[in-house]
Amino acid sequence: MPVARPEPQEPRVIAHVDMDCFYVQVEQRRNPALRGQPTAVVQYNDWKGGGLIAVSYEARGFGVKRSMRGDEAKRVCPGINLVQVPVARGKADLNLYRSAGSEVVAILASKGKCERASIDEVYLDLTDAAKEMLLQAPPDSPEEILIEAAKSNILGLPSDASEKEKIVRAWLCRPDADSEDKLLACGAIIVAQLRVRVLEETQFTCSAGIAHNKMLAKLVSGMHKPAQQTVVPSSSVQDFLASLPVKKMKQLGGKLGSSLQDDLGVETIGDLLSFTEEKLQEQYGVNTGTWLWKIARGISGEEVEDRLLPKSHGCGKTFPGPKALKNSASVKGWLDQLCEELSERIQSDLNQNKRIAQTLTLHARVSKENERDSVKKFPSKSCPLRYGTWKIQEDAMKLFESGLHDFLEYQNTGWSITSLSVTASKIFDIPSGTSSILRYVKGPSSASSPAIPDSSSVPEDPSLDNNVYVTPSNEEQCEPSTSEKEDGKKYSAISAKQCSANEAKRISKKFPEVKGTSSILKFLSRGQSALHEKRKSDGLICSHPGLESSLEASRAEEHNASAQGADRSSTNCGAEPSGSNAWMFNVEDIDPAVVEELPPEIRREIQGWIRPPKQPNTKRRGSTISSYFPPARS
DNA sequence: ACGGATCGCACT
DNA sequence: TAGTGCGAT
């Protein structure tokens, strides 16, 4: 349910920027012959021509809609170009669009607080930039920068006038405007400039809304499309909302909106004004009631969050109708594919953004059998996320089995899975200054891979050292970044130190008993067995069905690393960036007891990487990483 | 055979 | 917390 936020007292300047039929634009950039043509992006095409997920404005002119099938689109628009979403591992691969979205975000984040709201939308808080412009370059001086801004739509001004641009320009430069409108005018100019930059640097057009809060900015960003922007002066808010159908408001597109219509007879946002806050609270609860009362008055205190990256990564696929999965072998096969993609994505998040995900969740759906009230849902299951494709696959399968077990206890019928997804969530920045214990290990070095065998190493365990190489790692990546991390946030579980090859060598020198770069890490990780047993006896592990045999899995993985690595490099043509098929050394694998055996200078260093173990709380049921490495404060 | 694949959030 | 549910694009 929506929740009202405290209202900032100062007027803000907020923009919502929305890419125009984004996936289509990405494909048009790849293939310029598609520009100006009726075009749509479809995923899959074997069934009814695939499902449309983006439609160009030319095609919309023919009545083509999202949610149509490819065949249907062809019918209403025979000349349409249907471009397929790339497929990898048997599923739609959206990475192309994700990285295109990142290009845009990088530009839009340059003028103030920027929140990535989705793959093709951002919110901007331009309050400071607008204030600054008001002081230094009031919107009436330079002619040139007004040209784009003058194409804005101003809510409340005539939009069909022949003199429209002159009127808009006059509004933007109006000397007698109040300070709120002046700030909005500055915001409009800034956004116009940003949109030009986006177009110049990415070839993508976008539309935008500029208002005093997120709700209003979002409401109007799509009002004039494509490639236009719309401003909402305070003076036009009431009239605008008065006639706005409830379903158009964000959060009211579903059941809540229907209930407003059906139960209260509310058709427009304006209709809400006739209800007292108490009445709305009584109907929908305190939070939602207050929220409704406020939005009816154009009030929304929601802040723009400073976040350029997604909070979770998910990979899923549906298996409709006859494609439903009916045995555990096929589930395993598909889960492996999904986990492979997920692993790749969290690995690049780690490499590029220095972020670590902590939780792995599995979702599945079972087909609803005929009419019979087999409405039982397949339960979601989650567990601590261990890095490494094979570990993720293993854990995901365990989670599935656990969920299936629960499901079958009540549902005595057979099963058939119609959708599967795996999600990595609870993603945290690695605090700068410290970094994490990352053990980048590659399979046997192929000719194309730059892995460096550690020739000085004396293998203590041939099965490990003969096959394992530490990749060279970029030193500056390990330097503390200058940007100040906001503190007071829980850095969660992991505070660790990035361990580059050079650093591992340096440590090795100080610690002669442990020879070689991989050996130091191996040394740190030995004793897992003892740790595992300890956790078990502390009752910390038993409720994690996905992890019961994690130890065995780890061992098997080390021994299999060679063979599997070879498989991968042959199918991947060896062109992967360094680290892409690496797996990580997990903090959870470190035995605190091992750390204590280290010489003091090494121990000091190691203990900067990980937090001291908390006294196990036997009442707790989860063996999460955080129960072992709790946040410093909390 | 539910438009599919992803996301975010509030609630319990 | 883990798990559910809703809403959005």
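Chain identifiers are assigned alphabetically (A, B, ...) following the order of the sequence lines, protein sequences preceding nucleic acid strands; residue numbering begins at 1 within each chain. We use all heavy atoms of the structure for the numbers below, so side chains are in, but hydrogens, waters and symmetry mates are not. Computed from a predicted model, the values in this text were never measured in an experiment.
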When the distance from CD1 of A:I295 to P of C:dG7 is rounded to whole Å, what number comes out?
-> 13 Å
Could you please name the option among C:dG3, B:dT6, C:dA2 that lies closest to any side-chain atom of A:K426?
-> C:dA2
What is the distance from CD of A:E302 to C1' of C:dA8, rounded to the nearest Å?
-> 13 Å
Nearest to the side chain of A:K91, which nucleotide is it out of B:dT6, B:dG4, C:dT4?
-> B:dT6
From the options C:dT9, B:dA1, C:dG7, select the nucleotide whose nearest atom is closest to the side chain of A:K255.
-> C:dG7
Hey, what's the ring geometry for A:F204 with A:F22, parallel, tilted or perpendicular (30° and 60° as the breaks)?
-> perpendicular
Tell me what A:K317 touches on the nucleic acid: a base, only sugar-phosphate, or nothing, going by heavy atoms under 4.0 Å.
-> sugar-phosphate
With distance as the sole criterion, is a donor-acceptor pair present between the side chains of A:S56 and A:T39 under 3.5 Å?
-> no
Examine the side chains of A:N351 and A:S348 and answer whether a donor and an acceptor come within less than 3.5 Å of each other.
-> no
Regarding the side chain of A:R307, the nearest nucleotide among B:dA1, B:dG8, C:dG5 is B:dG8
Verify the contact: side-chain N or O of A:T318 to OP1 or OP2 of B:dC2, cut-off strictly under 4.0 Å; return yes or no.
-> no
Between B:dC7 and A:T423, is there an OP1 or OP2 to side-chain N/O distance shorter than 4.0 Å?
-> no
Got a salt bridge between A:E401 and A:K398, using NZ or NE/NH1/NH2 to carboxylate O under 4.0 Å?
-> no
Side chain of A:L94 only, please: which of C:dA2, B:dT6, B:dG4 is the nearest?
-> B:dT6
C:dA2 C1' sits how many Å from A:L362 CG, rounded?
-> 14 Å
Starting at NZ of A:K323 and ending at P of B:dC2, how long is that distance when rounded to a whole Å?
-> 14 Å
Drop me the distance from A:N31's CG to A:Q37's CD, to the nearest 0.5 angstrom.
-> 9.5 Å
Could you measure between the two P atoms, the one in C:dT9 and the one in B:dA1, and give it in whole Å?
-> 27 Å
State whether A:R345 places a side-chain N or O below 4.0 Å from either non-bridging phosphate oxygen (OP1 or OP2) of B:dC7.
-> yes
May I ask you to evaluate whether A:R116 reaches the phosphate of B:dG8, defined as a side-chain N or O under 4.0 Å from OP1 or OP2?
-> no
So, A:E115 and A:K214, do they make that salt bridge, N to O below 4.0 Å?
-> yes
Could you say whether A:R69 or A:H313 is positioned toward the 5' end of DNA chain B, judged by the nucleotide with the nearest heavy atom to each?
-> A:R69
Looking only at side-chain N and O atoms, does A:S312 come under 4.0 Å of OP1 or OP2 in B:dG8?
-> yes
Among B:dC9, B:dC11, B:dC7, the one nearest any side-chain atom of A:P310 is B:dC7
Which part of the nucleic acid, if any, lies within reach of A:P2 when heavy atoms closer than 4.0 Å are counted: base, sugar-phosphate only, or nothing?
-> nothing
Closest nucleotide among C:dG3, B:dG4, B:dC9 to the A:K381 side chain = C:dG3
Scan A:E72 against the nucleic acid and name what it touches under 4.0 Å (heavy atoms): base, sugar-phosphate only, or nothing.
-> nothing
Would you mind reading off the distance between A:L252 atom CG and B:dA10 atom C1', rounded to a whole angstrom?
-> 15 Å
Starting from P on C:dG7, measure out to CG on A:L292 and report it in whole angstrom.
-> 12 Å
With the side chain of A:Y44 defined as its heavy atoms from C-beta on, choose the nearest nucleotide among B:dA1, B:dA5, C:dA2.
-> B:dA5
A:G254 near the nucleic acid: base, sugar-phosphate alone, or nothing, with a heavy-atom cut-off under 4.0 Å?
-> sugar-phosphate
Contact class for A:S380 vs. all strands (heavy atom < 4.0 Å): base, sugar-phosphate, or nothing?
-> sugar-phosphate
Touch check for A:Q251, heavy atoms < 4.0 angstrom, all strands: base, sugar-phosphate only, or nothing?
-> sugar-phosphate
For A:W47 and B:dA1, are the ring centres under 5.5 Å apart with planes inclined under 30°?
-> yes
What nucleic acid atoms does A:M19 come within less than 4.0 Å of, heavy atoms only: base, sugar-phosphate, or nothing?
-> nothing
Against the side chain of A:R5, the closest entry in B:dT6, B:dA1, B:dC9 is B:dC9
Can you tell me, in whole Å, how much space there is between the C1' of B:dG4 and that of C:dG7?
-> 16 Å
Just by distance, with hydrogens left out, do A:D263 and A:S259 show a side-chain donor and acceptor under 3.5 Å apart?
-> yes
May I ask you to say what A:K65 touches in the nucleic acid, namely base, sugar-phosphate or nothing, with a heavy-atom cut-off under 4.0 Å?
-> nothing
Once you round it to whole Å, what is the distance between P of C:dT9 and CD of A:Q25?
-> 18 Å
Nearest-nucleotide check on DNA chain B, A:E341 vs A:L52; residue mapping nearer the 5' end is A:L52
Distance in angstrom units between A:D46 CG and B:dA1 P, rounded = 15 Å
Nearest to the side chain of A:V3, which nucleotide is it out of C:dG7, B:dG4, B:dC11?
-> B:dC11
Do we get A:K381 above A:F407's six-membered ring, with its NZ or CZ under 6.0 Å from the centre and within 45° of the axis?
-> no
